[in-house]
Amino acid sequence: CALVFSLDLRAWIPDATFSSSFGRNCLICLACACPLLLLFAWRRWREIDDLLADADTDALTGVGNRRKIERVLAHEFDRALRYGRPLSVVMIDVDHFKQVNDRYGHAVGDVVLSTIVRRIGRRMRACDHFGRWGGVDFLLICPETDTEGAMMIADRMRRTVKQRPMRKAGVVTASFGVSSYHGQGDYETLVDQADCYLYMAKDQGRDRVMSRLIVMDQMQAGNTQVGFMSGSQTETSPSSQLSTLMSTIATPLRRLKRR
């Protein structure tokens with residue numbers, strides 16, 4: 001700017017009054033101002049970058065928050081829909097977390113959550129995405145993975161979570177619900193299904209992985225302890241029983257979310 005200003009001055013100031021020292025001083029000012037301007041721009045860029053990162057990061061655990069993980073899920077779902085590729089999600093919930101908070105305090109509860117996130121993060125694949133969905137619920141996105149592959153990943157995470165006792169809280173377990181895209185619904189439906197399977201895992205004793213395949217196997221074996229089912233088994237097919245069960249569980253879940 002100083003150089004342009006000095007060149008403009010030469011157009012209307014006589015040469016006699018426009019000494020060479022003035023132009024040299026302008027160049028010196030320009031040379032001194034450029035590094036300062038670059039430093040200011042770099043600092044502003046870093047501040048903006050940090051603000052954007054904070055907006056997508058959970059403050060406690062350091063992983064992506066719901067805003068970020070939902071944006072990633074929408075992108076991966078569109079890719080799976082466009083190219084016909086498999087996609088699975090795993091909903092994770094810490095078992096008896098309220099008892100941990102009530103007995104040991106919220107500070108220990110925060111340590112438990114952070115420790116679980118670190119353990120899961122160390123066992124994740126490079127292509128997977130992990131974030132905090134809300135409260136003590138976490139979502140793991142597994143691109144290019146079918147139900148069986150996601151179940152293996154979830155079971156590995158389950159064993160990793162309870163592998164070693166945590167400070168003060170002891171051994172902490174987690175339950176896992178696995179859902180895969182089968183050509184119907186949107187990514188919200190995918191998450192709702194994983195949430196339903198998670199509640200089935202809770203209902204059957206916690207510290208386990210539940211998915212469509214496990215529920216179908218239990219129905220075919222005549223297990224009456226599937227999710228919220230009770231009473232005698234009807235003669236309907238396993239697929240229709242599963243659909244009825246999912247509808248039964250999804251309705252109260254939607255009411256809880258609206259609250």
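Just so you know, these numbers use all the heavy atoms, side chains as well, and skip hydrogens, waters and symmetry mates.
For the residue pair A194 and V89, the shortest heavy atom distance occurs at CB-CG2, 3.9 Å. The minimum heavy-atom distance between N101 and G109, with the atom names listed, is OD1-CA, 3.4 Å. Closest approach of A174 to I92, counting heavy atoms only: CB-CG2, 4.2 Å. Taking each heavy atom of Q193 and S180 in turn, the nearest pair found is OE1-O, 4.3 Å.
Hydrophobic clustering, with ILVMFWY side chains joined whenever heavy atoms are under 4.5 angstrom apart, groups V161 together with V108. Transitive grouping of hydrophobic side chains (ILVMFWY, heavy atoms separated by less than 4.5 Å) keeps M152 and M216 in distinct clusters. V100 and L60 end up in the same hydrophobic cluster when Ile, Leu, Val, Met, Phe, Trp and Tyr side chains are linked at under 4.5 Å. Connection of L213 to M157 is established within a shared hydrophobic cluster, with ILVMFWY side chains joined at heavy-atom distances below 4.5 Å, either directly or through further cluster members. Hydrophobic clustering, with ILVMFWY side chains joined whenever heavy atoms are under 4.5 angstrom apart, groups V63 together with M124.
Under the 4.5 Å side-chain criterion, counting only non-hydrogen atoms from C-beta, D95 is in contact with D207. Residues M91 and Y197 have side chains not in contact (no heavy-atom distance under 4.5 Å, counting atoms from C-beta outward). In this structure, the side chains of F176 and L198 stay at 4.5 Å or more apart for every pair of heavy atoms. Side-chain contact between V136 and L113: present, with at least one pair of heavy atoms (C-beta onward) separated by less than 4.5 Å. Residues I116 and T61 are not in side-chain contact: their nearest non-hydrogen atoms beyond the backbone lie 4.5 Å or more apart. Q218 is listed as a side-chain neighbour of Q204, based on a closest heavy-atom distance under 4.5 Å. For the pair K162/R119, no side-chain contact is recorded, criterion being any heavy-atom separation below 4.5 Å from C-beta on. Residues N65 and T57 form no side-chain contact, since every pair of their non-hydrogen atoms from C-beta on lies 4.5 Å or further apart.
D56 and K68 are not joined by a salt bridge, as no carboxylate oxygen comes within less than 4.0 angstrom of a charged side-chain nitrogen. E144 has a carboxylate O that lies under 4.0 Å from a charged side-chain N of R79, or vice versa, which qualifies the two as a salt bridge.
No donor-acceptor pair closer than 3.5 Å links the side chain of S211 to the backbone N or O of S179. No donor-acceptor pair closer than 3.5 Å links the side chain of R71 to the backbone N or O of I69.
Taking CZ of R66 as the reference point, atom CH2 of W133 lies at 4.5 Å (rounded to 0.5 Å). Rounded to the nearest 0.5 angstrom, E76 CD and D128 CG are separated by 9.5 Å. In this structure, the separation between CE on M210 and SG on C196 is 11.5 Å, given to the nearest 0.5 Å. Taken from NE2 in H75 to CD1 in I141, the straight-line distance is 10.5 Å, to the nearest 0.5 Å. Within the model, atoms OG1 of T147 and NE2 of H182 stand 4.0 Å from one another, a figure rounded to the nearest 0.5 Å. To the nearest 0.5 angstrom, D146 atom CG is 10.0 Å from M151 atom CE.
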Pair V215-M200, side-chain contact (heavy atoms from CB on, under 4.5 Å): steps then yes or no: CA-CA 9 Å; V215 174; M200 292 182 190; 3.5 Å; yes
side-chain contact (heavy atoms from CB on, under 4.5 Å) assessment of T145 paired with I153: CA-CA 10 Å; T145 309; I153 294 173; 4.3 Å; yes
Step-by-step side-chain contact (heavy atoms from CB on, under 4.5 Å) determination, R206 to H96: CA-CA 9 Å; R206 297 178 171 84; H96 302 295; 3.5 Å; yes
Stepwise side-chain contact (heavy atoms from CB on, under 4.5 Å) check, V178 with V209: CA-CA 7 Å; V178 178; V209 177; 3.8 Å; yes
Full working for salt bridge (Lys or Arg N to Asp or Glu O under 4.0 Å) between D78 and R82: CA-CA 6 Å; D78 290 341; R82 183 181 303 112; 5.5 Å; no
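Within 6.0 Å of the CZ atom in R103, the count of heavy atoms belonging to other residues, nucleotides or ligands does not exceed 12. In Q163, the CD atom is crowded: over 12 heavy atoms of neighbouring residues, nucleotides or ligands sit closer than 6.0 Å.
Counted by atom type alone, T189 and D192 present zero donor-acceptor pairs between their side chains at under 3.5 Å.
Between D93 and the options R132, K202, K98, a salt bridge (Lys or Arg N to Asp or Glu O under 4.0 Å) holds for only K202.
Ring geometry, Y181 versus F77: the interplanar angle exceeds 60°, so the pair is classed perpendicular (tilted spans 30 to 60°).
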